[in-house]
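As structure tokens, the structure follows; a few thoughts come after it.
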Amino acid sequence: MVLNPNWILGLLAGLLLIVAASWSKTSSSTPRDLIDWVEDPAHGLHVDKTLGPYRFSVQAKPPAYIIARESPPEALTSERVAERRRQLGEEMDYYNFTIAPAQSSRSVLQTAAQQEADYYALIDYFSYAAQDDFYLLHGADTSRCLLYQFVRSYELAPQLEFTMAFERQPQSDPTFVYDDRVLGVGTVKTRLRSADLLQLPTLKTP
Amino acid sequence: MMTHKIIPGLLMALLLLVGLGLLTLYQSIPRTAYVRLHRVYEAFELKKDLEAQLLASDREAQFTLDSLDVQLQALAAALQQSEDGPQRERYQALQQQYAFLHQQFKEDQNQLAREMDEKIWTQLNQYVDDYAEEWGLDYLIGADGSGTIMGGRERLDATEPIIEFINRSYHGFEP
């Protein structure tokens, strides 16, 4: 049997297409896989930094990640995803920020507060004034913190958690800055990758 | 004939043993470096940023005091021309205010300088520790200029690499 050269070429072309498709940006993931991908420090959207007795963690939250986290997989229809993307908009970048004890079991507030009055002053600072101490640096440009919430756990967890949103500066790796005034660690800078510049997996919908 | 086969094998095994022994010996030698702390402190960019803030705060305080001083001098000159009771009272009140603010600003600046130092050393100690861990150093000795380390080989001087490392770490880059 003599093989037709055209068949061989066609087969090779088909193989190449399959390989190219598997490397393409539009590879899709289940919600759990997407969440794991975004939370993996190797991809540059999650950074940890330890300074003294505290560990600071920054988690960038692309829209697909937010949608994957907030909805059960069966509720993730194309229409639902599109609607949430529309609600999240294009004007802001979302982040979670965590301050945790680096080694001890004492909570951050117990470590930082010398007296009871300090404890309540810290709660007050983190609830309101701290918003002005967060910003993103994109080269020489600064993005203000537009939305801010200190997620209080009332000492059920040792760490402090914050969720926030900044003015959007696309196509640029940001430096997340926290200008600390109360923990004695100075300015905390962490550099992340821009989700726009990464080959983020797309969310698979049923 | 058997000897011809055994001897190369024995030699290889001996070579392997010697190699492993040398490797173990090498790994047991403590890796040491020293760092000129004063130089690192001065070159640390957080220190420069905080110093700039401290200077700005100092200038603002000085501006307030200078404004009060101008008012005091004007009042003093007016009182020299003619003694006026209410003006004298105002002068004394302003003098007290100046003294109070001067003391207050001095205490505030001292407090700011202490806080600045705490922030710098918290970050500096962390980054230097990270450097020692990353480079597998068993001892990283701080040379603080007091004469404790009287001399050292230049190849053990880790000052410049540490300065680069701590400034990259401060700005959030992978060191």
Side-chain angles (χ1 to χ4, degrees), chain A residues 40-60 95 97 99-103 108 111-112 114 118 121-122 125 132-140 142-143 172-194, chain B residues 35 37 40-58 60-61 107-137 140 142 162-175:
Chain A
D40 183 354
H43 298 128
L45 296 177
H46 179 103
V47 178
D48 292 318
K49 188 169 192 174
T50 300
L51 288 171
Y54 308 109
R55 189 179 69 249
F56 301 90
S57 301
V58 182
Q59 174 67 61
Y95 291 83
F97 180 70
I99 307 173
Q103 273 135 18
V108 169
T111 306
Q114 309 287 335
D118 293 341
L122 284 169
Y125 163 75
D132 296 333
D133 294 335
F134 288 96
Y135 53 93
L136 294 182
L137 285 175
H138 300 266
T142 306
S143 294
S172 170
D173 286 345
T175 301
F176 185 100
V177 183
Y178 166 49
D179 251 336
D180 170 63
R181 286 190 268 159
V182 297
L183 301 176
V185 296
T187 307
V188 183
K189 295 187 185 183
T190 49
R191 195 158 166 87
L192 299 113
R193 295 297 315 279
S194 164
Chain B
V35 55
L37 286 172
V40 169
Y41 181 87
E42 291 300 320
F44 189 24
E45 289 185 12
L46 172 63
K47 183 250 179 190
K48 294 176 189 176
D49 290 345
L50 290 177
E51 210 167 52
Q53 287 175 22
L54 194 66
L55 278 170
S57 163
D58 192 44
E60 214 176 292
E107 282 169 14
D108 288 347
Q109 288 299 96
N110 287 342
Q111 176 66 18
L112 274 174
R114 275 195 297 274
E115 285 172 5
M116 177 180 117
D117 236 19
E118 184 192 352
K119 289 172 184 180
I120 291 168
W121 283 109
T122 297
Q123 291 210 21
L124 202 57
N125 286 334
Q126 182 68 56
Y127 299 145
V128 171
D129 208 30
D130 292 344
Y131 178 89
E133 196 173 314
E134 181 141 331
W135 286 91
L137 294 174
L140 181 57
I162 283 177
I163 288 172
E164 195 186 326
F165 184 96
I166 63 170
N167 283 330
R168 283 187 65 82
S169 298
Y170 166 57
H171 288 295
F173 289 97
E174 280 292 318

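Convention: sequence-line order gives letters A, B, ...; per-chain numbering from 1. Note that the structure is a prediction, hence the values are computed from the model and not measured.
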Next on the checklist: Please classify the contact between A:Thr50 and chain B as side chain, backbone, both or neither, with a heavy-atom cut-off of under 4.5 Å.
Outcome noted: both
Next on the checklist: For a side chain to side chain contact (heavy atoms under 4.5 Å, CB included) check, start with the C-alpha distance between B:Leu137 and B:Tyr131, then their side-chain angles and the critical distance, and finish with the verdict.
Outcome noted: CA-CA 8 Å; B:Leu137 294 174; B:Tyr131 178 89; 4.0 Å; yes
Checklist entry - Is it the case that B:Asp49 and B:Gln53 place a side-chain donor and acceptor less than 3.5 Å from each other? => result no
Checklist entry - Quick one: are the ring centres of A:Phe134 and A:Tyr95 less than 6.0 Å apart? => result no
Item to check | Heavy-atom pair count under 4.5 Å with chain B, highest-scoring of A:Leu137, A:Leu51, A:Leu192, A:Thr190 | outcome: A:Leu51
Next on the checklist: What part of B:Leu50 gets within 4.5 angstrom of chain A, counting heavy atoms only: side chain, backbone, both, or neither?
Outcome noted: neither
Next on the checklist: Looking at B:Glu45, I'd like to know if its CD atom is crowded, meaning that more than 12 non-hydrogen atoms belonging to other residues, nucleotides or ligands lie closer than 6.0 Å.
Outcome noted: yes
Next on the checklist: Strictly distance-based, threshold 3.5 Å: is any side-chain N or O of A:Arg193 a donor or acceptor partner for the main-chain N or O of A:Asp173?
Outcome noted: no
Item to check | Validation row, ring centre B:Tyr170 to ring centre B:Phe44 under 6.0 Å | outcome: yes
Next on the checklist: For the CD atom on B:Glu107, are there more than 12 heavy atoms of other groups (residues, nucleotides or ligands in this structure) within a distance under 6.0 Å?
Outcome noted: yes
Next on the checklist: Quick check: under 4.5 Å, non-hydrogen atoms only, which of residues 108-119 of chain B neighbour chain A?
Outcome noted: B:Glu118, B:Lys119
